[in-house]
Amino acid sequence: MARSAVKNFMENRIRVRFAPSPTGLLHVGNARTALFNFFFARKKGGTFILRLEDTDMERSSAEAEGAILNDLKWLGIDWDEGPGQPGEHGPYRQSERLETYRRYGGELLKKGEAYRCYCTPEELEEKKKRSLARGIPPKYDGRCRNLSAEEERSFSAAGRPASLRFKVEARTVEFQDLVKGKVSFDGQGIGDFIILRSDGVASYNFAVVVDDALMQITQVIRGEDHLANTPRQLLLYKTLGFLPPQFAHLPLIVGPDRAPLSKRHGTTAVAHFREEGYLAEALVNYLALLGWSSEDAEEIFSLEKLIGKFSLGRVSRSPAIFNYEKLKWVNRNHMKGLSGEKRLELAWPFLKKKGINVDDVGVAWLNTALETVWEEVDNLNQLADHLTVFFEDGWKMDPEAQDLLQKEEGRRVLKGLIDELRTVEEITPENYKLIIFSLAKRAGLSGRGLYMPLRAALTGKIHGPELEKVFVLLGKEKTLKRAEAALAKAE
RNA sequence: GGUCCCAUCGUCUAGCGGCCCAGGACGUCGGCCUCUCACGCCGAAAACACGGGUUCGAUUCCCGUUGGGACCA
């Protein structure tokens with residue numbers, strides 16, 4: 001095994017992995033880790049592996065796994081090995097690899113690199129508390145490290161469950177992190193740690209090492225929260241006889257208070273950003289910008305372009321605060337580039353969800369309507385609100401608009417408009433200018449004096465899209481109806 | 001408590017000893033465009049945490065302090 005890892009390394013056959021726990025929705029921090037692994041693999045022509053760390057049976061679920069897979073696909077991430085993509089290093093769920101961990105654990109026990117520990121969780125907890133109270137680092141005291149055969153026998157006869165502990169010899173552990181640079185740990189602080197729990201399930205550190213080694217991972221790209229686990233893992237690699245991979249620890253994504261990003265900071269789940277109407281490519285783009293920058297200072301890119309530009313060397317070392325405002329800006333930029341067809345396809349479910357009557361308005365009309373409000377919104381979810389003004393229900397007269405119509409000039413404009421409209425068949429982009437020109441002459445007004453009462457009467461608001469669009473989208477019938485209603489109300 | 005990581009405008013960042021009285025982007029403010037809002041364009045304010053070294057010269061290297069964070073849990 002070690003030899004093929006060396007071979008991969010020498011031949012520069014990159015193998016990276018993303019290993020989420022299926023305990024909930026994929027959040028942006030993990031998504032960013034997945035993305036960086038994916039970028040790196042694709043850029044280098046390597047293999048991207050997806051592995052589920054589901055040894056915590058209590059908290060893991062098939063639903064969560066399905067949701068995570070779905071979110072990854074939505075983001076545009078696909079994996080070469082993993083669930084649904086059989087490879088020669090499977091299975092890719094830790095719950096299906098329990099035997100393997102036990103086998104390696106047994107080997108360490110046999111070689112004397114690990115020992116059975118009969119301490120109960122209560123005893124351990126008690127010791128920890130006492131250490132903390134006395135201000136000493138809470139480190140396992142090695143109580144069971146040198147049990148006599150007799151003691152062992154009596155413990156096991158008493159039916160005390162045993163976990164397996166790894167013997168840590170105090171020494172300095174150093175490694176070159178691809179992001180952090182040289183990192184060095186004082187081995188004194190590391191106590192003998194559990195590799196197999198008394199129920200036979202592998203501990204996190206042990207399972208990860210066995211899996212990464214067996215799956216021949218060449219670069220472990222993960223969150224900085226695992227940095228302090230690395231020396232333990234390195235010790236395991238060495239003792240197990242595996243060649244360790246390179247490590248790259250990504251800075252954390254935090255909230256405005258610099259605490260790790262969590263729900264209380266707002267939306268954090270990829271699925272929720274999708275529901276709020278953010279484009280996958282925009283979210284990917286923004287996430288890439290958190291903790292990474294392109295050489296040429298460009299900020300808007302497609303997934304393809306991102307892959308081309310990505311490099312671990314340009315990942316920053318300090319944590320980044322998630323900024324919703326900038327995400328909105330990135331999203332607007334991605335929305336801009338979309339074709340009419342794509343816009344319609346993306347907007348459809350969001351309009352439907354908000355109760356907009358998309359089925360009877362006609363595709364051509366809807367296209368024009370979308371085009372009109374498209375640049376006004378930050379995300380797909382806001383579309384419906386901006387469109388309500390073109391529908392009979394859902395629009396209402398704002399007080400400011402009403403005030404504007406109380407003036408004599410306002411009423412004059414409305415009367416004129418009604419007369420003008422009665423002379424035309426329908427409002428089209430072509431005759432719109434003629435209508436306005438003629439109305440201006442009739443009312444003796446121009447500019448604001450002319451346009452604002454029109455806007456107020458037709459949209460009920462003093463801000464909104466271009467009036468020409470409003471006229472055309474409303475059509476003669478609705479325009480007339482609204483003008484008449486407004487006039488009646490103003491008198 | 002120990003170990004470890006981090007520290008440039010409000011935010012994301014560029015900077016890998018002189019190009020920097022620090023550049024870009026979001027946001028903010030002002031102007032232009034314009035029937036309004038938005039878009040777009042133009043402009044402004046805004047930062048090297050602090051203290052020691054090293055050096056002819058430090059944002060950049062070293063040490064300490066402070067602050068934030070992770071892990072041991």
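Every value quoted in this text rests on a predicted model; they were computed, and no experiment measured them. In what follows, chains are A, B, ... by sequence order, proteins preceding strands, each numbered from 1.
Here the side chain of W374(A) pairs no donor or acceptor atom with the backbone of G340(A) at under 3.5 angstrom. Counting only distance, with no hydrogens or angles, the side chain of K167(A) and the backbone of A114(A) share no donor-acceptor pair below 3.5 Å. Here the side chain of N285(A) pairs a donor or acceptor atom with the backbone of E299(A) at under 3.5 angstrom.
S316(A) comes within contact range of the sugar-phosphate backbone alone, with a heavy-atom separation under 4.0 Å but no base atom that close. Note on P256(A): nothing from the nucleic acid sits closer than 4.0 angstrom, heavy atoms only. When heavy atoms are screened at a 4.0 angstrom cut-off, G291(A) is found touching the sugar-phosphate backbone but no base atom.
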Contact list (N/O, under 3.5 angstrom) for nucleotides 34-37 of chain B vs protein:
{"unit_1": "C35(B)", "atom_1": "O2", "unit_2": "R455(A)", "atom_2": "NE", "d": "3.1"}
{"unit_1": "C35(B)", "atom_1": "N3", "unit_2": "R455(A)", "atom_2": "NH2", "d": "2.8"}
{"unit_1": "C35(B)", "atom_1": "N4", "unit_2": "L467(A)", "atom_2": "N", "d": "2.7"}
{"unit_1": "U36(B)", "atom_1": "O2'", "unit_2": "I462(A)", "atom_2": "O", "d": "3.2"}
{"unit_1": "U36(B)", "atom_1": "O2'", "unit_2": "H463(A)", "atom_2": "ND1", "d": "2.2"}
{"unit_1": "U36(B)", "atom_1": "O2", "unit_2": "G464(A)", "atom_2": "N", "d": "2.7"}
{"unit_1": "U36(B)", "atom_1": "O2", "unit_2": "G464(A)", "atom_2": "O", "d": "3.1"}
{"unit_1": "U36(B)", "atom_1": "N3", "unit_2": "R455(A)", "atom_2": "NH2", "d": "3.0"}
{"unit_1": "U36(B)", "atom_1": "N3", "unit_2": "G464(A)", "atom_2": "O", "d": "2.8"}
{"unit_1": "U36(B)", "atom_1": "O4", "unit_2": "R455(A)", "atom_2": "NH2", "d": "3.4"}
{"unit_1": "C37(B)", "atom_1": "O4'", "unit_2": "H463(A)", "atom_2": "ND1", "d": "3.1"}

For nucleotides 40-48 of chain B, which of its nitrogen or oxygen atoms have a protein nitrogen or oxygen under 3.5 Å away, and what is each distance?
{"unit_1": "G40(B)", "atom_1": "OP1", "unit_2": "K336(A)", "atom_2": "NZ", "d": "3.0"}

Under 3.5 Å, which N/O atoms of the protein pair with N/O atoms of nucleotides 22-24 of chain B?
none

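Atom CG in D296(A) sits roughly 12 Å away from atom P in G15(B) (whole-Å rounding). What separates CZ of R317(A) from P of C12(B) is a distance of 15 Å, to the nearest Å. Regarding Q188(A), its CD atom lies at a distance of 10 Å from the P atom of U3(B), rounded to whole Å. Rounded to whole Å, atom C1' of A49(B) lies 12 Å from atom CZ of R258(A). One atom, NE2 of H249(A), and another, P of U3(B), lie 20 Å apart when rounded to the nearest Å. Put simply, CG on L252(A) is 15 Å from P on C5(B), counting in whole angstrom units.
Base pairing of A58(B): no nucleotide in any strand meets the Watson-Crick or G-U wobble criterion (both distances under 3.5 Å). In this structure, G40(B) forms a base pair with C32(B), meeting either the Watson-Crick or the G-U wobble geometry with both donor-acceptor distances under 3.5 Å. Pairing partner, C16(B): none, since no Watson-Crick or wobble contact has both distances short of 3.5 Å. Under the Watson-Crick and G-U wobble criteria, each requiring two contacts below 3.5 Å, nucleotide A70(B) is paired to U3(B). For G64(B), the paired nucleotide is C50(B), the pair qualifying as Watson-Crick or G-U wobble because both relevant distances are below 3.5 Å. When both pairing distances are held under 3.5 Å, A45(B) makes no Watson-Crick or G-U pair with any nucleotide shown. Using Watson-Crick or G-U wobble geometry with both donor-acceptor distances under 3.5 Å, C9(B) finds no partner in any strand shown.
Across the P atoms, G30(B) and G67(B) are found 38 Å apart, a figure rounded to whole Å. Atom name C1', nucleotides C12(B) and G27(B): the rounded distance is 11 Å, in whole Å. Across the C1' atoms, U8(B) and A22(B) are found 8 Å apart, a figure rounded to whole Å. For the P atoms, the distance from G31(B) to C37(B) is 12 Å, rounded to whole Å. With both ends at atom P, the span from U28(B) to U11(B) equals 16 Å, rounded to whole Å. Comparing the C1' positions of C9(B) and C29(B) gives a spacing of 15 Å, expressed to the nearest Å. When the C1' atom is compared between G17(B) and C6(B), the two are found 22 Å apart, to the nearest whole Å. Annotation: C62(B) and U54(B) have their P atoms spaced 15 Å apart (nearest Å).
No side-chain heavy atom of F38(A) sits under 4.5 Å from any side-chain heavy atom of F18(A). For the pair S316(A)/S293(A), no side-chain contact is recorded, criterion being any heavy-atom separation below 4.5 Å from C-beta on.
Between R232(A) and the phosphate of C71(B), there is no side-chain N or O to OP1/OP2 separation shorter than 4.0 Å. Taking side-chain N and O atoms only, R332(A) has no distance below 4.0 Å to OP1 or OP2 of A25(B).
Neither side chain, N229(A) nor Y204(A), offers a donor N or O lying under 3.5 Å from an acceptor on the other. Counted by atom type alone, Y101(A) and D211(A) present one or more donor-acceptor pairs between their side chains at under 3.5 Å. Under the 3.5 Å distance criterion, with hydrogens and angles disregarded, a donor-acceptor pair is assigned to the side chains of H27(A) and N30(A). D54(A) and Q94(A) share no donor-acceptor pair across their side chains, judged by distance under 3.5 Å alone.
Remark: R59(A) engages T23(A), D56(A) in a side-chain contact (heavy atoms from CB on, under 4.5 Å) (not counting sequence neighbours). In this structure E298(A) satisfies the side-chain contact (heavy atoms from CB on, under 4.5 Å) test together with S294(A), D296(A), F301(A), K305(A), K309(A), sequence neighbours excluded. Judged as a side-chain hydrogen bond (donor to acceptor under 3.5 Å, both in side chains), and not counting sequence neighbours, the contacts of T267(A) are E276(A). Partners of K469(A) under the side-chain hydrogen bond (donor to acceptor under 3.5 Å, both in side chains) rule, at least two apart in sequence or in another chain, do not exist in this structure.
For residues 26-36 of chain A, proximity to RNA chain B is found at no residue, defined as any non-hydrogen atom under 4.0 angstrom from a strand atom. Near RNA chain B, defined here as any heavy-atom distance below 4.0 Å, there are no residues from residues 300-312 of chain A.
Checking U3(B), G27(B), G15(B) against every side-chain atom of F185(A), the shortest atom distance belongs to U3(B). Of the candidate nucleotides C6(B), C4(B), C71(B), C6(B) has the atom nearest to the side chain of K180(A).
Within the structure, every pair that satisfies the salt bridge (Lys or Arg N to Asp or Glu O under 4.0 Å) test and touches residues 16-33 of chain A, not counting sequence neighbours, is listed here: R17(A)-D212(A). Residue pairs satisfying the salt bridge (Lys or Arg N to Asp or Glu O under 4.0 Å) criterion with at least one member in residues 377-386 of chain A, sequence neighbours excluded, are listed as follows: R332(A)-D378(A), K354(A)-D385(A). Note on residues 246-260 of chain A: pairs passing salt bridge (Lys or Arg N to Asp or Glu O under 4.0 Å), not counting sequence neighbours, are D257(A)-R264(A).
Between Y237(A) and F247(A), the two ring planes are perpendicular [angle over 60°; tilted spans 30° to 60°].
In this structure, F193(A) has its ring center at least 6.0 angstrom away from the ring center of F206(A). For Y324(A) and H265(A), the gap between ring centers reaches or exceeds 6.0 Å.
Nearest-nucleotide positions on RNA chain B for A228(A) and L289(A) put L289(A) closer to the 5' end.
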